[in-house]
Amino acid sequence: MKDAKTLWIAGSTSNHSIEHNIKRTLAMNWIKSAVIGVGVVLIAGCATPPQPPRMVEQKVVAPASHRSPARMVSLSIVKTNIPLGKAFAVFEYGWFCKYASTTQYRGTELNITGAEYLQSFSGVLKAAQYPQPIVPVGAFDEPKMEDVDLLAGATIEDVDLNVCVPFSGDPNLRLGFLGTLKGSVYMKVRWQLFSLVAKKVVYEAVTEGSYKSEGAISSSTTEFLRKAFESSLQNLLTEPGFMDVMHEPKEGGKSGRDPN
């Protein structure tokens, strides 16, 4: 019986040791998992964030009234010619603006309608006191284009958009207040002026524009892009060659800077 008792006690001690070792192993595995998890979070947090779009100096536009009467120009066409596959838009979400997704250019036009481009173009030129065609009001009215002798064309060659949706906790950006954004955008535009009299492009220039919100605002990616488009147009209006073409006589005289 003594041997049996001794054996029983030894067995109990052995079982206790095994149970202790199992608990210790589980605890160590949990600690290792926690350390690895924290490491992953720290590495992710220290990962290089997307570079914000480059901001462009906004030049001061001199009113057209400071010079001779200006010619009338109307926006005719806007094209997008961003390199295929270029990552042009980065989206973030949440209070800390975590990375959500990147959009690559696939050959489609930007999310801006022709009417919105025209509104932006006319608004910038009117603010600089350049004459603009009368917009028709009635259903059967036609735009009065008889005074227009220059057509403007714009080719968007580069876009860099970075916006954050701070009131959305969804990385897919399907939930939350999606109409509140903050961020910045850069745009490069090639402008051309086509003379209806000379039947050729009489001026060409490339300008840049940018826009940055100071905080979270009620907006959309379309509005951000339009702001950059308008910024690029405002910088075009400060180009000496553009002003020369816009203030030269309708017929005869100089032809501006002919890209040909």
Side-chain angles (χ1 to χ4, degrees), residues 50-67 70 73-83 86-92 103 105 108-132 150-165 179-193 203-246 257:
Q51 292 297 318
R54 182 166 62 90
M55 294 292 99
V56 177
E57 178 187 359
Q58 191 65 64
K59 301 176 183 178
V60 178
V61 178
S65 58
H66 287 186
R67 295 184 58 173
V73 59
S74 177
L75 182 65
S76 176
I77 187 171
V78 178
K79 294 182 177 181
T80 305
N81 191 29
I82 300 172
K86 179 188 183 296
F88 76 96
V90 175
F91 297 93
E92 300 168 337
T103 300
Y105 182 68
T108 58
E109 295 300 318
L110 299 177
N111 189 29
I112 307 177
T113 66
E116 289 170 331
Y117 277 124
L118 184 58
Q119 184 183 57
S120 291
F121 185 87
S122 298
V124 170
L125 265 72
K126 284 181 179 178
Q129 300 179 10
Y130 282 95
Q132 282 290 282
L150 290 172
L151 298 179
T155 302
I156 298 173
E157 297 185 339
D158 194 14
V159 169
D160 190 6
L161 173 69
N162 188 317
V163 293
C164 174
V165 188
T180 301
L181 308 175
K182 64 179 181 178
S184 55
V185 59
Y186 160 86
M187 183 179 290
K188 181 171 74 173
V189 184
R190 181 176 297 276
W191 301 93
Q192 292 179 312
L193 294 182
Y203 179 77
E204 182 174 328
V206 175
T207 61
E208 300 170 305
S210 61
Y211 169 73
K212 181 179 180 179
S213 67
E214 297 301 328
I217 59 174
S218 178
S219 188
S220 65
T221 56
T222 297
E223 287 302 312
F224 271 69
L225 292 169
R226 287 183 64 181
K227 292 287 188 181
F229 181 80
E230 293 166 4
S231 171
S232 174
L233 177 57
Q234 289 171 353
N235 283 338
L236 174 69
L237 267 55
T238 67
E239 292 288 322
F242 175 85
M243 291 186 287
D244 288 342
V245 173
M246 292 299 297
R257 182 162 66 88

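A salt bridge is defined here as a Lys NZ or Arg NE, NH1 or NH2 lying under 4.0 Å from an Asp or Glu carboxylate O, and Glu109 with Lys79 fails to meet this definition.
Considering all non-hydrogen atoms of both residues, Val56 and Ser210 come closest at N-OG, 2.8 Å. Between Ser232 and Trp191 the shortest heavy-atom distance is OG-NE1, 3.3 Å. Residues Phe121 and Val73 approach most closely at CE2-O, 4.0 Å, considering heavy atoms. Taking all atoms of both residues into account, the shortest heavy-atom contact from Phe229 to Ser120 is CD2-CB, 4.1 Å.
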Passes side chain to side chain contact (heavy atoms under 4.5 Å, CB included), Asn162 versus Phe224? Steps please. CA-CA 10 Å; Asn162 188 317; Phe224 271 69; over 6 Å; no

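Side-chain atoms of Gln132 and Ser74 include no donor-acceptor pair closer than 3.5 Å. Between the side chains of Thr155 and Asn81, not a single donor N or O lies within less than 3.5 Å of an accepting N or O. Side chains of Glu116 and Thr113: a donor on one and an acceptor on the other come within 3.5 Å. Glu208 and Asn235 form no side-chain donor-acceptor contact under 3.5 Å, judged by distance and modelled atom types alone.
Tyr186 has its side chain out of reach of Val159: every pair of non-hydrogen atoms, C-beta onward, lies at least 4.5 Å apart. At least one side-chain heavy atom of Tyr203 sits under 4.5 Å from a side-chain heavy atom of Glu239.
Considering CD1 of Ile82 and CG of Leu110, their distance stands at 5.0 Å, rounded to 0.5 Å.
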